[in-house]
Novice: 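Supplied in C-alpha cells, the structure appears directly below.
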Amino acid sequence: MRPTPETLSTPSTHKLQHQAHATQSMPHGNESGRRSSSQASACYARRSAVRDAEAARVRGPRWRRGALSLLLLAGLFTLAGCAGTPSAPNRYTLPEIGKVTPAAGISAPTLVVQPVAISNYLDQEGIVMQLSDIELNSANQNLWADSLGSQLTRNLRQTLTQALPQTLVLGAGDAGDARLSVEVDRFQGRYDGQAVVSGEWQLREGNRVVRQEPFSITRPLTADGYPALVRTLGEAWEAVGERIAGELSSSRNGH
C-alpha cells in the first residue's frame with residue numbers, strides 16, 4: 001500500500017499565516033511585550049512547519065517535493081533567528097528479534113559475526129530518506145537512538161542465532177573460526193513509498209573466502225511516517241539475515 005500524498009496546506013502553514021496577520025494588526029500599546037510574545041509564537045509555528053515538512057518526506061511518491069524542500073529550507077533559516085529551546089527530536093531503534101535460544105554444546109560449529117560496515121552517508125544520527133534517484137536527506141528531528149552499525153550487528157547476530165540453532169553465533173572467536181562480514185550500502189526510505197536495504201556479505205575461513213553474495217530487499221511501507229519506515233527497515237534487515245542463514249545451511253549441506 002502506497003502512502004497517501006499530502007498537500008502543502010498543512011495546519012502549521014495556517015499557524016504561520018495566522019501569526020503574521022496577528023502581528024500586523026497588533027496595537028502599539030505595550031509593544032515590546034507583545035512583540036516578544038508574537039515572536040515566540042511565530043518561532044513555535046515555524047518549528048512545527050519544519051517538523052511537518054520533514055515528516056512528509058516519507059509520504060507519497062508523487063508529492064510536491066520541490067515545494068516541500070523550499071518550505072523546509074525557509075523554515076530552517078527562520079529558525080536560526082529564533083530564541084528558545086528547540087523541540088526534542090524523535091529517536092528510534094530497530095525492532096527486536098523474537099525469542100533467541102543460543103546453540104549449546106562444544107560440538108556446535110562456530111560462526112563469528114563481525115561488526116556490520118555501513119556506507120559513510122548512513123553513518124549518522126539522522127534516518128536517511130531518498131528523495132529522488134540522486135537526492136538524499138538525513139532527518140533532523142527523526143534520529144537513531146543508537147548507532148546504526150551497532151543496531152544492524154546486534155539484530156543480525158540474533159537473527160542468525162534463531163535461524164541456525166545448531167551453530168554457535170559469536171561476536172569474537174578463534175583464528176580458525178568461520179567469519180561472516182557484511183557491508184550495507186543502502187538502508188533508507190525511498191520517494192516511492194518503499195524501504196530499501198542492500199549490500200554484500202562474505203564468509204571467510206582463515207584467509208580464504210568461501211562464499212560471497214550480494215543482497216537487495218525492497219519492501220512497501222504500510223503507513224505514513226518514520227515509525228512505519230523504521231519497522232519496515234527492521235523487517236527487511238531480518239529477512240537479509242534469514243537469507244544469509246539459508247545460504248550458509250545450503251553450503252554446509254553441500255547444495
Novice: So, for D224 and A228, which heavy atoms are closest and what is the spacing to 0.1 Å?
Specialist: O-CB, 4.0 Å

Novice: Check whether any side-chain heavy atom of V197 sits under 4.5 Å from a side-chain heavy atom of R186, and report yes or no.
Specialist: no

Novice: With heavy-atom distances below 4.5 Å as the criterion, would you say the side chains of V184 and W237 are in contact?
Specialist: yes

Novice: Could you check L160, T161, N155 and say which one makes a side chain to side chain contact (heavy atoms under 4.5 Å, CB included) with I97?
Specialist: N155

Novice: With the threshold set at 4.0 Å, does a side-chain nitrogen-carboxylate oxygen contact exist between D146 and R91?
Specialist: no

Novice: Atom CD in Q202, atom CG in L180: separation rounded to 0.5 Å?
Specialist: 9.0 Å

Novice: In the single-linkage hydrophobic clustering (I, L, V, M, F, W, Y; side-chain heavy atoms under 4.5 Å), do W144 and V196 co-cluster?
Specialist: no

Novice: With rounding to the nearest 0.5 Å, note down the distance linking CG in L170 to CD in Q114.
Specialist: 12.5 Å

Novice: We want to know whether Y121 and Q188 form a side-chain donor-acceptor pair, criterion being a heavy-atom distance below 3.5 angstrom.
Specialist: yes

Novice: Given the rule that I, L, V, M, F, W and Y join up when any side-chain heavy atoms are under 4.5 Å apart, are L94 and L143 in one cluster?
Specialist: no

Novice: Can you find a pair of side-chain heavy atoms, one from E135 and one from Q130, that are under 4.5 Å apart?
Specialist: no

Novice: Do S119 and D185 have side-chain N/O donor and acceptor atoms under 3.5 Å apart?
Specialist: no

Novice: Nearest 0.5 angstrom please: Y226 OH to N90 CG, how far?
Specialist: 10.0 Å

Novice: Begin from the C-alpha positions of T159 and E242 and carry the test side-chain contact (heavy atoms from CB on, under 4.5 Å) through to its verdict.
Specialist: CA-CA 7 Å; T159 300; E242 291 171 348; 3.9 Å; yes

Novice: Quick one: pull up CG in L152 and CZ in R157 and give me the separation to the nearest 0.5 Å.
Specialist: 11.5 Å

Novice: Do the non-hydrogen side-chain atoms of Q141 and S87 ever get within less than 4.5 Å of each other?
Specialist: yes

Novice: Indicate the atoms forming the closest heavy-atom contact of L148 with I118, along with that distance.
Specialist: CB-CD1, 4.1 Å

Novice: Determine, step by step, whether V209 and L203 satisfy the side-chain contact (heavy atoms from CB on, under 4.5 Å) criterion, reporting the C-alpha distance in whole Å, the side-chain angles of both residues, the deciding distance to 0.1 Å, and the verdict.
Specialist: CA-CA 6 Å; V209 176; L203 181 68; over 6 Å; no

Novice: So which heavy atom on R243 is nearest to which on S216, and how close?
Specialist: NH1-O, 3.7 Å

Novice: Where is the tightest heavy-atom contact between R211 and W201, given as atom of each residue plus distance?
Specialist: CG-CH2, 3.3 Å

Novice: Under 3.5 Å, is there a donor-acceptor pair between the E200 and Q212 side chains?
Specialist: yes

Novice: Would L122 end up clustered with L156 when hydrophobic side chains under 4.5 Å apart are linked, directly or stepwise?
Specialist: yes

Novice: For Q124 and S138, does a side-chain donor sit closer than 3.5 Å to a side-chain acceptor?
Specialist: yes

Novice: So, taking the atom named CG in L233 and the one named CD in E238, what distance separates them when rounded to the nearest 0.5 Å?
Specialist: 13.0 Å

Novice: Would you say the side chain of V182 lies within less than 4.5 Å of the side chain of F215, judging by non-hydrogen atoms?
Specialist: yes

Novice: Heavy atoms only: give me the nearest N140-P89 pair and the separation to one decimal.
Specialist: O-CB, 4.1 Å

Novice: Is there a path from V112 to V116 through hydrophobic residues (I, L, V, M, F, W, Y) whose side chains come within less than 4.5 Å of each other?
Specialist: no

Novice: Are V210 and I244 grouped together when hydrophobic residues (ILVMFWY) are joined by side-chain heavy atoms under 4.5 angstrom apart?
Specialist: yes

Novice: Hey, is CZ on R231 packed in by over 12 heavy atoms from elsewhere, all under 6.0 Å?
Specialist: no

Novice: I127 and V230: which non-hydrogen atoms are nearest, and at how many Å?
Specialist: CD1-CG2, 3.7 Å

Novice: Please check if atom CD in E183 has more than 12 non-hydrogen atoms from other residues, nucleotides or ligands closer than 6.0 Å.
Specialist: no

Novice: Once rounded to the nearest 0.5 Å, what's the spacing between atom CG of L111 and atom CG of D177?
Specialist: 9.0 Å

Novice: Keeping R204 on the side-chain end and N207 on the backbone end, is there a donor-acceptor pair under 3.5 Å?
Specialist: yes

